[in-house]
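Here is the structure we will look at.
Chain letters run A, B, ... following the sequence lines, proteins first, then strands; residues in each count from 1. All values reported here derive from a predicted model rather than from experimental measurement.
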Amino acid sequence: MSHLTVLRSYAQKRNPAKLPPSLLFSHTDTTITIFDCYPKALFHFLVLPRPSPTLSVFDLASLRTLLRGDKQRARDVLLLLRAEGARVRTSIEEEMRARYGFAWPVWTGFHAVPSLEHVHLHVISADLCAPALKNKKHYNSFHPKLGYFLHLDTVLEWFDAEPSYYDSMSQLKKSRYEPLVKEDLVCFHCARVMHNMPTLKAHLQEEWDTLRAKATSARTKRKLENEATTADAPPPKKVAVDVRASEGET
DNA sequence: GTTCTAGAAC
DNA sequence: GTTCTAGAAC
């Protein structure tokens with residue numbers, strides 16, 4: 001089996017439950033959600049639409065083939081992916097709180113020029129802190145404002161635009177998108193230009209650490225205020241020290 | 001998609 | 001001399 005068609009092979013499984021648990025996150029009658037094998041963020045899943053009698057693997061070869069086939073059917077598939085993507089996002093947010101004590105944004109969208117066959121919706125946490133994120137293409141392909149990463153809601157808006165606009169966008173021309181991944185490394189948090197990948201990765205980690213510190217100190221502050229209004233609450237001395245320490249950083 | 005590595009960049 | 005990128009090979 002070629003590595004280029006590995007996603008198709010998953011989507012075609014009659015019984016997805018037999019996929020290894022290290023790969024399969026969840027499935028429905030119409031979708032299969034897997035863990036990305038090379039996660040580019042702390043949380044990174046792929047939602048795959050499953051073929052059916054009215055939706056062949058050829059229709060699902062890529063977002064491009066899907067959009068250029070029957071338009072109403074394409075919209076229906078995207079709506080299924082959106083619904084499942086929303087469920088996955090909710091699971092991610094629960095896990096974010098459990099593991100890290102706060103939840104941060106999650107992006108759902110497609111690469112304009114995919115490397116693997118079969119439509120796959122990325123559901124990825126907005127940190128881009130992961131060992132498998134190694135080069136400029138990896139980073140730029142998920143940058144939320146660059147244009148290569150197509151947010152699902154943006155693609156759905158194409159359906160309500162002028163038909164000529166839909167026809168134009170659904171071409172997903174390589175010549176339009178491929179140059180984008182070669183652009184400068186711009187931090188998606190603060191828009192600063194980073195001069196190489198090691199510098200960018202260290203900076204992204206700092207940005208996420210700051211995000212976490214702010215979120216958890218805000219929560220601790222709220223908690224302290226609540227306790228202050230409760231007469232019988234014991235003075236939370238250790239926590240109070242932590243709050244002063246983290247507030248001093250900002 | 002990843003790995004490997006030559007040679008550019010520092 | 002070492003780090004880093006980017007293109008070839010898979």
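- Protein atom CG of A:Asn196 is 10 Å distant from nucleotide atom C1' of C:dT5, rounded to whole Å.
- Side chains of A:Thr28 and A:Thr31: a donor on one and an acceptor on the other come within 3.5 Å.
- Atom pair A:Leu4:CG and B:dT3:P shows a separation of 15 Å (rounding to whole Å applied).
- Between the side chains of A:Asn196 and A:Thr199, at least one donor N or O lies within less than 3.5 Å of an accepting N or O.
- The shortest non-hydrogen separation linking A:Leu180 to A:Leu146 is O-CD2, 3.3 Å.
- Heavy-atom distances under 4.0 Å link DNA chain C to no residue of residues 131-141 of chain A.
- The nearest whole Å value for the distance from the CE atom in A:Met197 to the C1' atom in B:dC10 is 18 Å.
- No hydrogens or angles considered: a donor-acceptor pair under 3.5 Å links the side chains of A:Arg68 and A:Ser170.
- Using a cutoff of 4.0 Å between basic side-chain nitrogens and carboxylate oxygens, A:Glu225 and A:Arg222 are not scored as salt-bridged.
- A straight line from CE of A:Met194 to P of C:dT5 spans 13 Å, rounded to a whole angstrom.
- Going from atom CG of A:Leu7 over to atom C1' of B:dT2 covers 14 Å, rounded to whole Å.
- Taking only side-chain nitrogens and oxygens, A:Lys201 never comes nearer than 4.0 Å to OP1 or OP2 of C:dC4.
- Distance A:His122 NE2 to B:dG1 C1': 10 Å, rounded to the nearest Å.
- Under 3.5 Å, the side chains of A:Asp209 and A:Gln205 contain a donor-acceptor pair of N or O atoms.
- As judged by a 4.0 angstrom heavy-atom cut-off over every strand, A:Pro114 is placed among residues making no nucleic acid contact.
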